[in-house]
Undergrad: 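Just dropping this structure here.
The structure displayed is predicted, hence computed values, not measured ones. Computed over heavy atoms, backbone and side chain alike; hydrogens, waters and symmetry mates excluded.
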Amino acid sequence: MFFGPSEIDTDEMGYAMSRLEIESDLCDTGKDFCGVGSSSASHRSSEHLADLDHEISQVTKLKSSPHQRYSREVPGRHQLPVSTVRMLAGRESNFSGRGRFSAADCCHMLSRYLPIKGPWLVDQMDSRAYVSQFSTDGSLFIAGFQGSRIRIYNVEKGWKVQKDILAKSLRWTVTDTSLSPDQRNLVYASMSPIVHIVDVGSGTTESHANVTEIHDGLDFSSDEDGGYSFGIFSVKFSTDGRDIVAGSSDDSIYVYDLEANRVSLRTVAHTSDVNTVCFADESGNLILSGSDDNLCKVWDRRCFIGRDKPAGVLVGHLEGVTFIDSRGDGRYFISNGKDQTIKLWDIRKMSSSAPARHEVLRNYEWDYRWMDYPTEARDLKHPLDQSVSTYKGHSVLRTLIRCYFSPAHSTGQKYIYTGSNDSSVYIYDLVSGDKVAVLKHHSSPVRDCNWHPYYPTLISSSWDGDLVKWEFPGSGEAPIMSKKRVRRRHFYY
């Protein structure tokens, strides 16, 4: 189910922060769609596209639509994807006049090949999987488990375990991990103010904290805390690898200077737990945060002199924000919320401050950790919703479930995907809002999943302890199954 943007007046102060420029000569191509979903997937509607912000729709088309001459070769079928055979024939005939495929042409073909085949078992642990992430170049894959275990797999060597890390001083679980831009160091966090850093490039496979290797501790606490112990929900390396930004259970955002080996900044960012932080673009200047206070906020590191005051605030979620993923252009990002929705945002529509009464009064009580979302709340909408669009269908319960844009290289970011409490992975079309595919295998909530940056491969990780791989049919030989015995699956909804 899909909803368009709300008709409200917003503060335009965010427009000056955008780096992206849109060409006026937009390609005249149709609405691309990959019909992979089941019969239960929502039907396409032209109203969806009319409601969706015109600019993000056009930007997505520019990045994933073929050259006009390829699509014009099929009169009357302009809205359907151009076949790969026709694209190859057009390249040989030099339809585009360039003698080669453009990046958009490549995305148009690759985005049709969704990773829906499988799954194949990559690994199976006896504890809940909380984190699963590919490295930037896709050569490594990191998985974090509740049982103090973090594993780094070498994707290019048949998913061989390159590093088996036994975490130090773990509280509750591995809440997040982040790999440095040079892929030499990994930081991991838990419900503790101490974040640990591990040398990924060392020759030792078994990395037991302070036994086989030193796991240096980065202390995010200070004397001002008065002995109060808080947890770290989210950590991210800066793009230059010099800083680490973190969101914590004491309502704060921290920036840790690795060279100085100290916290360089702490700001009380929200009025509740900061569940997620990330950078808006490669410059590393803009930080996005989401919290249990239902707000998404934008922070400019160049303007942190005004402590505790964000560059802007975005209102729309009815419940807490579990995760944020940036499109990487300094403009658009998505957030997963405990109100069972993903929202697409444009930071240029942010307000300078949150409304005095941004929380919607409700006549029900619930806790997402063990209760179903109230039926009467499913159709509610925030009266001041500043989001561009809303996506529904998945379930955000029991844990901080994550969502992402699909890879820019292979899909032009035309999809968004998310884990779900109903043990599935959901893939939505960014523009139409359609549920394109639902991947079902696990028997427990899928907290995290990640799409390979270049290949049609997706890894899902679940509380059932399984890491499984989904691929496009015919994308090479089937991977070798794990020798571990696979448990019987009983799907529930």
Side-chain angles (χ1 to χ4, degrees), residues 63-64 101 103 106-123 129 131-144 150-165 176-188 198 200-201 205 235-239 241 278-279 281-282 323 325-329 402-419 425 427 437 439 446-461 466-480 482:
K63 294 180 66 175
S64 60
F101 285 141
C106 294
C107 283
H108 177 75
M109 290 190 294
L110 292 173
S111 63
R112 301 175 63 190
Y113 304 137
L114 296 181
I116 59 171
K117 175 73 172 179
W120 290 275
L121 189 67
V122 173
D123 204 351
V131 180
S132 56
Q133 292 290 303
F134 279 105
S135 60
T136 304
D137 63 1
S139 63
L140 300 176
F141 183 83
I142 299 97
I150 302 169
R151 284 188 169 178
I152 302 177
Y153 304 86
N154 192 315
V155 178
E156 298 175 348
K157 294 184 178 180
W159 293 85
K160 178 182 178 182
V161 177
Q162 179 172 310
K163 203 81 169 176
D164 193 358
I165 301 169
D176 202 7
T177 63
S178 182
L179 191 65
S180 62
D182 60 8
Q183 299 185 183
R184 296 179 58 185
N185 295 298
L186 177 82
V187 293
Y188 62 87
V198 184
V200 175
T205 301
V235 288
K236 291 290 183 297
F237 267 101
S238 62
T239 51
C278 73
F279 290 96
D281 57 16
E282 294 183 355
F323 195 73
D325 184 48
S326 172
R327 195 167 179 271
D329 55 11
R402 302 181 169 193
C403 64
Y404 303 92
F405 286 97
S406 62
H409 174 81
S410 58
T411 70
Q413 297 177 306
K414 67 180 296 183
Y415 305 112
I416 57 178
Y417 62 101
T418 178
V425 175
I427 303 176
L439 312 181
V446 177
R447 187 180 192 270
D448 204 0
C449 50
N450 212 232
W451 197 320
H452 193 283
Y454 298 104
Y455 304 132
T457 299
L458 186 145
I459 304 295
S460 60
S461 60
D466 284 2
L467 294 182
V468 298
K469 177 167 62 171
W470 306 82
E471 292 185 329
F472 176 75
S475 58
E477 296 182 1
I480 299 174
S482 170

Undergrad: Looking only at heavy atoms, what is the nearest atom pair of L458 and V425, with distance?
TA: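 Smallest heavy-atom distance, with atoms named: CD2-CG1, 4.4 Å.
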Undergrad: So, for A129 and S461, which heavy atoms are closest and what is the spacing to 0.1 Å?
TA: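 Smallest heavy-atom distance, with atoms named: CB-CB, 3.7 Å.
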Undergrad: Against Y404, only a single residue in W451, Y417, Y415 fulfils ring pair (Phe, Tyr, Trp, His ring centres under 6.0 Å); can you say which?
TA: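 Considering W451, Y417, Y415, a ring pair (Phe, Tyr, Trp, His ring centres under 6.0 Å) with Y404 is found only for Y417.
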Undergrad: Would you name the heavy atoms of S132 and N450 that are closest together and state the gap between them?
TA: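 Looks like O-CB, 3.6 Å.
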Undergrad: Using the test salt bridge (charged side-chain N to carboxylate O under 4.0 Å, His left out), find all partners of D164 that sit at least two apart in sequence or belong to another chain.
TA: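 Salt bridge (charged side-chain N to carboxylate O under 4.0 Å, His left out) list for D164, sorted by chain: R149, R151.
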Undergrad: Start with the C-alpha distance between S238 and F279, add both sets of side-chain angles, then the distance that settles side chain to side chain contact (heavy atoms under 4.5 Å, CB included), and finish with yes or no.
TA: CA-CA 7 Å; S238 62; F279 290 96; 3.8 Å; yes
Undergrad: Which distance, rounded to the nearest 0.5 Å, do you find between the CG of D325 and the CD1 of I416?
TA: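 Between atom CG of D325 and atom CD1 of I416 there are 10.0 Å.
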Undergrad: Is atom CZ of F405 surrounded by more than 12 heavy atoms (other residues, nucleotides or ligands) closer than 6.0 Å?
TA: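 Yes, the 6.0 Å shell around CZ holds more than 12 heavy atoms from other groups.
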Undergrad: On a heavy-atom basis, which atom in C449 and which in S460 lie closest, and how many Å separate them?
TA: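 Shortest heavy-atom contact: CB-CA, 4.0 Å.
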Undergrad: Between CG of D281 and CG of D329, what distance do you get to the nearest 0.5 Å?
TA: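 Taking CG in D281 and CG in D329, the distance rounds to 8.0 Å.
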Undergrad: Heavy-atom distance under 4.5 Å between the side chains of Q133 and L179, does that happen here?
TA: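 A side-chain contact under 4.5 Å is absent here.
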Undergrad: So, taking the atom named CD in Q183 and the one named OG1 in T136, what distance separates them when rounded to the nearest 0.5 Å?
TA: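 Output value for this atom pair is 6.0 Å.
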Undergrad: Please find the pair of heavy atoms, one from S139 and one from E156, that lie closest to each other, and give the distance.
TA: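 Scanning both residues, the minimum pair turns out to be CB-OE2, 3.7 Å.
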Undergrad: Using modelled atom types only, decide if a donor and an acceptor are shared between the side chain of S180 and the backbone of G241 within a distance under 3.5 Å.
TA: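 Judged by distance alone, no pair lies under 3.5 Å.
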Undergrad: Could you state the interatomic distance from CG (D448) to CD1 (I142), rounded to the nearest 0.5 Å?
TA: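 Rounded to the nearest 0.5 Å, the CG-CD1 separation comes out at 11.0 Å.
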Undergrad: Say you draw a straight line from CH2 of W470 to CD1 of I459; how long is it, rounded to the nearest 0.5 Å?
TA: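 Interatomic distance, W470 CH2 to I459 CD1, rounded to 0.5 Å: 10.5 Å.
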Undergrad: Begin with the C-alpha distance, continue with both residues' side-chain angles, and end with the deciding distance and a verdict on side chain to side chain contact (heavy atoms under 4.5 Å, CB included) for L467 and W159.
TA: CA-CA 11 Å; L467 294 182; W159 293 85; over 6 Å; no
Undergrad: Using a 4.5 Å cut-off on heavy atoms from C-beta on, say whether the side chain of L439 contacts that of P119.
TA: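 SC-SC contact between P119 and L439 ruled out.
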Undergrad: Please lay out, stage by stage, how K469 and V155 fare under the test side chain to side chain contact (heavy atoms under 4.5 Å, CB included).
TA: CA-CA 11 Å; K469 177 167 62 171; V155 178; over 6 Å; no
Undergrad: Is there side-chain contact between I150 and K163, with at least one heavy-atom pair below 4.5 Å?
TA: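 Of all side-chain heavy-atom pairs linking K163 with I150, none is under 4.5 Å.
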Undergrad: Keeping the roles fixed (side chain from H452, backbone from T457), state whether a donor-acceptor pair exists under 3.5 Å.
TA: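 Checking the backbone N and O of T457 against the side chain of H452, no donor-acceptor pair under 3.5 Å is found.
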Undergrad: Judged by atom type as modelled, is there a donor-acceptor pair below 3.5 Å linking the side chain of D466 to the main-chain atoms of V468?
TA: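 No, because the side chain of D466 does not come within donor-acceptor range (under 3.5 Å) of the backbone of V468.
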Undergrad: Look up atom OG in S410 and atom CZ in R112, then write down how far apart they are to the nearest 0.5 Å.
TA: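 Going from OG on S410 over to CZ on R112, the span is 14.5 Å.
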Undergrad: Would you please classify the geometry between the F141 ring and the F134 ring as parallel, tilted or perpendicular, with 30° and 60° separating the classes?
TA: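 Taking F141 first and then F134, their aromatic rings stand perpendicular (interplane angle over 60°).
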